[in-house]
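Data first, discussion second: the structure below is written as structure tokens.
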Amino acid sequence: HKEEEAAAAATILISFPFQINNNIINILLLTMKYSSAALLSLACFTQTAYGFAPSSRHHVTHKSNGNSNALQESPNDIDNGPPYSGPAYKPLLDSISSPADMKRLDVKQLNQLAHELRWEVLENVSKTGGHLSSSLGVVEMTVALHYVFDMPEDDIVWDVSHQCYPHKILTGRRDRFPTLRQAGGISGFCKRKESEYDSFGAGHSTTSISAVQGMSIAKSMLNKRRNNCIAVIGDGAITGGMAYEAMNSAGYLKNRMIVILNDNGQVSLPTGTQSAGGTRPASQLSTYTSKLLVSNEFQSVRDVLKNINQLLPSEALQDVNKRIDEYARGIISGGTLFEELGFYYVGPVDGHDMENMVGILETLRDSDSNKPVLLHVKTEKGHGYPPAMAAADKMHGVGKFDIATGVQYKPKTKPVAPSLTSIFANALIEEAKEDPTVVAITAAMPGGTGLDIFGRRFPKRTFDVGIAEQHAVTMAAGMACEGLKPFCCIYSTFLQRGYDSVVHDIAVQNLPVRIIMDRAGLVGNDGPTHHGCYDLAYLGCIPQLIIMAPSDELELKNMIRTVRNYDDGPTCLRYPRGSGYGVEKLKGLFGYSDEEINATEPTVLPMGKGRIVRKSARDAKDRANRVCILSLGTRLHESLVAANDIEATDSDVAVTVADARFMKPLDIDLIRELASENSVMVTIEEGSIGGFGDHVLHFLTLDGLMDDGNLKFRPMVLPDQYFEAATQFEQYDLAGLNASHIKGTVLRLAQKIQVPVPQES
């Protein structure tokens, strides 16, 4: 090593006001000066507060060709080209019905089990779709955790819990795994009600350390015999602020817990999106942990200093050595953030080295120390499956695919229009071309929000802040203060995490931030943690917000232009997961003209003004036969289908369908017109109770429009329950918000059909 490194070490050693044995200094200086090989040999074991654990610096991977024990130096070596296939038989996995069955295996068998488990995940997800590569990267870690610890008495919390597929297979759910993310099947995330082995449910990220700390405190206070609580936090979850709040608390309270940082290079989806921060992972923490991974000098010096501790004869000198260790780490790497927060840092270690992982976890398990530990584990996302390892997004989330090649199957029917997400992204690009103050912000979801598309065109105007929604919202507020036009693009469900910032930092100050909520309403197979059911209710009560929802792709473009031009306060635009309707349906069902469909420029909509989309051609003289459906958002399609069916069913009923466009401000003139002309008014939305329908009802009652008893009103909203994984159509059918349900509601209110009343037996 360099002479200055030796001099620096000597300076550290002699700077303490204690007498240090010269032999110790000579050993250290000679080792550092003459032989890096000697450093490695001396550092073959790392002394920690938990005893000795083997160090691991050489990252090796296991071939996926059936020989699970064959190692190679580079992941690229395993790519011998397609077709790829797994083992014909899985004898070890077949013998595992619960983690207890793993205890009889040796390390060689654990490697074979990991190989079989990886292909079990691949074979199932190729048929169902799901989160693939995150789970492939934690196979060895999952096997090691279940081998060392005893669930459910010990707690393991997965964060983000889409890393949990191998865990589910090993904990008695292998036979149900083909039902993954389907109606009546198992969830793609951990769920306490699904299994006693799911210690904590999660679909959002960054919650594990807080949960595990609470578990550790509870076990200690209740004098439980075992207190092993493990948080596995990875796939970018460590970038969320809640993780640091929890680590700060755990270090202060000194709770016994193990935090495993699954460092797989993933921060945002997809990693590598062009943005103002470049194409590297959207987190300075990722850069920091990468430096830890490659800092061989840091690791070697620390290992040497730790081993010298065994040679020091007195407690006073041991204390000196502790201070030497701290100073050395500060010189070489600037100190470790995790240890500053009160954790004992162990690592980095190779997460695919089974023997090493088992040994380290056993050491941590058997320790009597109550100090929290952070075990820094390096894994490879998509490990063991070359198509995932080579893909730009590592095949993070996939549909059904050909396991032999990794190629995802195309839909049997070609979509008639692009996704609403891509329509939004391309429309925002057009706005940014005209207005240099337009910028876009996302919280680790550039792919999901379409900002990966925007970022390719305007990288310096694209800001990905990682999994930090509260920060994203307040940063957007700051941008608006200085004259930029920020579009803060966050899933509806994730905006819940930034709610206080919406109120305190945007609405109270009336700042012109454009909040864009993708995935509004029910989202399908991701299930209850990802539905965007509540934004209309939780935003509708905030003063000074404008809230709008497009009914189709043309309205989406118009609303993007509208919010770009509006600088008098904050605006919220929500739209669902899904595709546009295409030209044929826009003309035939929605009634758009060719001129409207082919318009080269979007239209700026008047704020708070809706529109009548379908006026019945029937001249119903009797008000009792006149009904109206007032829709907010994309339930307009189902409303128009229902209206046509109603008039086809009953020759007397005349149905008017209106698109509210805005929940705030309400179009009170339109509501008054509909209320005065019709005997029945039904509102429909893709949201929970407390949203659009409640706002309309509130206005109707305060305005006295229901006082004469001539208007029947029904709000159609999502019922007060959670909707498990299924297709979006299945979920809306279960919720009672499809066309047939609208038709039934209208005809019952118009007294055209009778609803049987159950009789007591």
Side-chain angles (χ1 to χ4, degrees), residues 56 58-93 96 105 107-128 130-147 158 162-170 174 177 232 234-235 262-266 271 349-358 377-398 401-408:
S56 173
H58 303 288
H59 297 284
V60 294
T61 53
H62 299 278
K63 287 183 180 291
S64 59
N65 59 4
N67 180 10
S68 64
N69 298 310
L71 305 178
Q72 86 260 319
E73 294 298 324
S74 169
N76 294 328
D77 293 343
I78 70 173
D79 189 356
N80 298 317
Y84 304 104
S85 62
Y89 304 100
K90 303 186 183 81
L92 287 178
L93 187 58
I96 305 299
L105 304 180
V107 172
K108 182 177 180 181
Q109 290 173 312
L110 292 179
N111 276 315
Q112 179 62 30
L113 175 62
H115 175 64
E116 295 175 12
L117 181 59
R118 175 169 283 109
W119 279 95
E120 184 74 10
V121 172
L122 276 163
E123 289 164 3
N124 278 281
V125 177
S126 70
K127 299 171 184 175
T128 64
H131 293 94
L132 177 66
S133 56
S134 304
S135 290
L136 295 182
V138 298
V139 169
E140 287 82 8
M141 184 193 304
T142 305
V143 170
L145 281 167
H146 280 297
Y147 179 76
W158 296 91
H162 60 228
Q163 302 173 97
C164 71
Y165 293 3
H167 158 78
K168 290 201 172 195
I169 292 172
L170 291 176
R174 183 186 180 193
F177 213 72
V232 182
D235 229 28
N262 175 26
D263 189 351
N264 66 358
Q266 181 74 63
T271 292
V349 299
D350 181 359
H352 304 298
D353 183 340
M354 184 72 72
E355 183 174 4
N356 198 41
M357 283 293 297
V358 168
V377 177
K378 175 60 180 174
T379 64
E380 180 181 30
K381 193 160 183 172
H383 183 77
Y385 187 54
M389 294 158 63
D393 66 349
K394 300 296 182 182
M395 295 181 70
H396 171 84
V398 296
F401 64 94
D402 178 11
I403 198 169
T405 62
V407 176
Q408 296 189 50

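The figures here come from the full heavy-atom set of this structure, side chains too, leaving out hydrogens, waters and symmetry mates. Position 1 is the first residue of the sequence; numbering continues from there. Source: prediction; values computed, not measured.
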If you look at every heavy atom in [X] and [Y], which pair is closest and at what distance?
{"X": "Pro166", "Y": "Val139", "answer": "CG-CG2, 4.0 Å"}
{"X": "Val349", "Y": "Met357", "answer": "CG2-SD, 4.1 Å"}
{"X": "Pro87", "Y": "His115", "answer": "CD-NE2, 3.9 Å"}
{"X": "Leu136", "Y": "Ala388", "answer": "CD1-CB, 4.4 Å"}
{"X": "Ala144", "Y": "Val358", "answer": "CB-CG2, 4.0 Å"}
{"X": "Val377", "Y": "Gly351", "answer": "CG1-CA, 3.2 Å"}

Look up atom [atom1] in [X] and atom [atom2] in [Y], then write down how far apart they are to the nearest 0.5 Å.
{"X": "Met141", "Y": "Asn262", "atom1": "CE", "atom2": "CG", "result": "4.0 Å"}
{"X": "Phe177", "Y": "Lys127", "atom1": "CZ", "atom2": "NZ", "result": "12.5 Å"}
{"X": "Glu355", "Y": "Asn111", "atom1": "CD", "atom2": "CG", "result": "8.5 Å"}
{"X": "His146", "Y": "Ile96", "atom1": "NE2", "atom2": "CD1", "result": "11.0 Å"}
{"X": "Trp119", "Y": "Asn124", "atom1": "CH2", "atom2": "CG", "result": "12.5 Å"}
{"X": "Ser133", "Y": "Leu122", "atom1": "OG", "atom2": "CG", "result": "10.5 Å"}

With no hydrogens and no angle check, is any side-chain donor or acceptor of [X] less than 3.5 Å from a backbone partner on [Y]?
{"X": "Tyr385", "Y": "Gly406", "result": "yes"}
{"X": "Tyr165", "Y": "Leu132", "result": "no"}
{"X": "Arg118", "Y": "His383", "result": "yes"}
{"X": "Glu116", "Y": "Leu93", "result": "yes"}

Inset, instruction - In sequence, state the C-alpha distance, the side-chain angles, and the governing distance for Leu117 and Val143, and then conclude on side-chain contact (heavy atoms from CB on, under 4.5 Å). - result: CA-CA 9 Å; Leu117 181 59; Val143 170; 3.8 Å; yes
Inset, instruction - Give a yes or no on whether a salt bridge exists between Lys90 and Glu123, defined as a side-chain N under 4.0 angstrom from a carboxylate O. - result: yes
Heavy-atom side-chain proximity of [X] to [Y] below 4.5 angstrom:
{"X": "Ile169", "Y": "Thr142", "result": "no"}
{"X": "Glu140", "Y": "Asp353", "result": "no"}
{"X": "Leu105", "Y": "Leu113", "result": "yes"}

Inset, instruction - Mind running side-chain contact (heavy atoms from CB on, under 4.5 Å) on Tyr147 and Leu170 for me, showing each step along the way? - result: CA-CA 11 Å; Tyr147 179 76; Leu170 291 176; over 6 Å; no
Inset, instruction - Could you check His396 against Lys381 for side chain to side chain donor-acceptor pair (under 3.5 Å), going step by step and ending with a plain yes or no? - result: CA-CA 8 Å; His396 171 84; Lys381 193 160 183 172; 2.8 Å; yes
Inset, instruction - Compute whether any side-chain donor of one residue and acceptor of the other, for His352 and Lys378, lie under 3.5 angstrom apart. - result: no
Legend entry - Asp235-Ser134 side chain donor-acceptor pair, cut-off 3.5 Å: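 Yes, side-chain donor-acceptor contact under 3.5 Å.
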Legend entry - Test applied, side-chain contact (heavy atoms from CB on, under 4.5 Å); reference residue, Ile403; option that passes from Pro83, Ser126, Ser85: Ser126
Legend entry - CA sep, side-chain torsions, deciding dist, call: Asn264, Glu380, side chain to side chain donor-acceptor pair (under 3.5 Å): CA-CA 5 Å; Asn264 66 358; Glu380 180 181 30; over 6 Å; no
